[in-house]
**Q** 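Please see the structure below; I have some questions.
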Amino acid sequence: MENLVDLFGVWLTVLLTLAVFSFLYRDNPVYKIAEHLYIGIAAGYTFYQAFRTTIYPNLVQHMIDGAQKIQAGDPAGWQMQWRFGAFVLGMLMLSRLVPSWSWVSRWPMALVVGAFAGLNLIGYARANLVDQISATMIPLAGRMPGVNGMLPLLPQASPGDSSIINHLVLVVGVISVLTYFFFSKQQNKPLRRIGVVGIWFVMITFGATYGSIVLARVSLLIGRVYILTDANQPSMGYPFVTGAGLIIAALVIWRIWLLKPDDRNPRG
Amino acid sequence: MRTRVPIFITAFVGVFMILKFFFVTPWISLISNELEQWGIVTLAFAIILGVLNLMKINLKTVMERKRDWGYKLLLLASMFFMMGAGGLQWYHDVMAGRTAEACEKAFAAASAPNAPAAAQQDAAALKSQKDAARLAADKNAFSFSFYNIYYPLAATIYSLLAFYVASAAFRAFRAKNLHATLLLIAAIIVMIGRVPIGGYIWKGFPWLQDWLMIWPNTAGQRAIQMGAAIGMIAMGLRVIFGIERPYLKG
């Protein structure tokens, strides 16, 4: 029985993977089934996670613990009952489902926006501003802590090692890109020239990021192809080949007999 | 009530979140931590609201037999199935936890000096119950749906982007001017340097790729991060002082 469930799982994985890949041909019923199944499962999973990881421990369990403390005569339990306010706000959030009362949902939204604006304000200032400025304050020549002797001029065998050129690239890059994005004052000739260097760095950054994204997606694709080929065993009934055949047959039937003439050329 | 109360709530909560970092006093920490928890719970309710809204819209389509209602029915069925399976998973986890706890106590009692033979038998019986409960918690409809439906669909949908990113690359990577050429060269170095064939073509490619990512790329990313942080701080202050009111829309 357990083996049968595992086998069913492998077939389901392969069929759903192929169903999503069928979108490469065009939007079709097989893809739509996979798409709606994904949204449904993801919504159910998110609902479960919201309850189990947040609402239950942070609200229900917290208040039950508080009530138990009150029963035991501990006054700290009363303080824990403040959390009831979160429940009230949560219920007010659901008022959005009733159009005539939807304005009440502004109150909980205002709390969320205020809380995260305040938290992010400090968090961003610390992590993305102060820490980044501090990491850019590096020596451009001479001795450096952690480097044996003087800072070398050229990059070393290990690309991450410090050198004068590397540090110059970092410092000049940061200053020039910041200058390029400085719009508060009309840029004169020297500032514009620095900004030109800045845009070179921006282009290199975007190119490197784009290259990384392409490789990450291709690596995911290779992973999916491995799943399909690894599962294609005789003991499992060749799910990849059989599944591909079934999906292609379904697409052919749909294209020839079921697709309405108006939908054949969606691009006009 | 409709505009002033939300503005007051945002300002009050936002100020307390900032005060928390600058004044380490018990009452400020207490209030701000409680407000933070309220925000977290309210956000979880926002997820519930999203799911209920999805339910409402799709149920309407199914009831009125509108176009594609069959797909919406599948969406609703799979959503309810996953919620039910999640509830079952939770129950199994709780039972597994309780059995494990009881088993530990029984083993402690059985390993005590002069423990009766019955205690050892109880411990052995509880161990088999514990294994059965753990198996039920590890292998059930929830984990099956997660590993055989949710994960393959999510990974494949993201991997589909490889084709679209590659086709976009053909349009973006054209050496029309110096800026586009820099973008093209950086992307090619990163892509070639990270795959084994890059090292076979020229041994310097992996080194160049690493260097490009560590130094010039860091410089660009760092400056962009700093700019974004300044923007975030300005926007945060505008929201807290009620100049920007995104929550009043809709």
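Sequence lines set the chain letters: A, B, ... in the order given, protein chains first and strands last, and positions in each chain run from 1.
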**Q** What is the distance from atom OG of B:S159 to atom CZ of A:F21, rounded to the nearest 0.5 Å?
**A**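 Atom-to-atom, B:S159:OG and A:F21:CZ are 4.0 Å apart.
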
**Q** B:I40 and side-chain contact (heavy atoms from CB on, under 4.5 Å): which single residue from A:T54, A:V112, A:I55 fits?
**A** A:T54

**Q** So which atom in A:G160 and which in B:W215 form the shortest heavy-atom distance, rounded to 0.1 Å?
**A** O-CZ2, 3.4 Å

**Q** How long is the straight-line distance from CE of B:M232 back to CD1 of A:I122, given to the nearest 0.5 Å?
**A**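 It is 11.5 Å, given to the nearest 0.5 Å.
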
**Q** Can you say whether B:V195 sits under 4.5 Å from chain A via the side chain, the backbone, both, or neither, judging by heavy atoms?
**A** side chain

**Q** Non-hydrogen atoms of chain A under 4.5 Å away: do they reach the side chain of B:N58, the backbone, both or neither?
**A** neither

**Q** So how far is it from A:N120 CG to B:M235 CE, rounded to the nearest 0.5 Å?
**A**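 Going from CG on A:N120 over to CE on B:M235, the span is 12.0 Å.
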
**Q** Does any heavy atom of chain A fall under 4.5 Å from the side chain of B:L30, the backbone, both, or neither of them?
**A**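 Contact with chain A involves the side chain of B:L30 alone.
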
**Q** Would A:F51 and B:W90 count as a ring-ring contact (aromatic ring centres under 6.0 Å, His included) if you check the C-alpha gap in whole Å, the side-chain angles of each, and the deciding distance to 0.1 Å?
**A** CA-CA 10 Å; A:F51 252 106; B:W90 196 347; 7.3 Å; no

**Q** A:N166 and B:W211: side-chain donor and acceptor closer than 3.5 Å?
**A** yes

**Q** For B:F142, which atoms come within 4.5 Å of any heavy atom of chain A: side chain, backbone, both, or neither?
**A** side chain

**Q** Between B:I224, B:L43, B:L19, B:T218, which has the largest tally of heavy atom pairs under 4.5 Å with chain A?
**A**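 Going by pairs under 4.5 Å, I would pick B:L43.
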
**Q** Over 60° means perpendicular and under 30° means parallel, so classify the ring planes of B:F146 and A:Y45, tilted if in between.
**A**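 Tilted: the ring planes of A:Y45 and B:F146 meet at 30° to 60°.
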
**Q** Examine whether an atom of B:A169 lies under 4.5 Å from a heavy atom of chain A, and if so say whether it belongs to the side chain, the backbone or both; otherwise answer neither.
**A** both

**Q** Please rank B:G236, B:A166, B:A229 by heavy-atom pairs under 4.5 Å with chain A and give me the top one.
**A** B:A229

**Q** Is it the backbone or the side chain of B:L237 that comes under 4.5 Å from a heavy atom of chain A, or both, or neither?
**A**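 Its backbone and side chain both get close to chain A.
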
**Q** Against chain A, label B:Y150 side chain, backbone, both or neither, depending on which of its atoms sit under 4.5 Å from a heavy atom there.
**A**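 For B:Y150, heavy atoms of backbone and side chain both lie under 4.5 Å from chain A.
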
**Q** Going from CG on A:L111 to OG1 on B:T10, what distance comes out if it is rounded to the nearest 0.5 angstrom?
**A** 8.0 Å

**Q** Against chain A, label B:L212 side chain, backbone, both or neither, depending on which of its atoms sit under 4.5 Å from a heavy atom there.
**A** side chain

**Q** Can you tell which part of B:Y164 gets under 4.5 Å to a heavy atom of chain A, answering side chain, backbone, both or neither?
**A**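 Side chain of B:Y164 only, per the 4.5 Å heavy-atom cut-off to chain A.
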
**Q** Per the salt bridge (charged side-chain N to carboxylate O under 4.0 Å, His left out) rule, what does the pair list look like for residues 84-93 of chain B, sequence neighbours excluded?
**A** A:R52-B:D93, B:D93-B:R134

**Q** What part of B:A85 gets within 4.5 angstrom of chain A, counting heavy atoms only: side chain, backbone, both, or neither?
**A** neither

**Q** Give the ring-plane orientation class for B:Y71 versus A:H36, where under 30° counts as parallel, over 60° as perpendicular and anything between as tilted.
**A**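 Parallel: the ring planes of B:Y71 and A:H36 meet at under 30°.
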
**Q** Roughly how far, to the nearest 0.5 Å, is CG of B:L74 from CD1 of A:I39?
**A** 10.0 Å

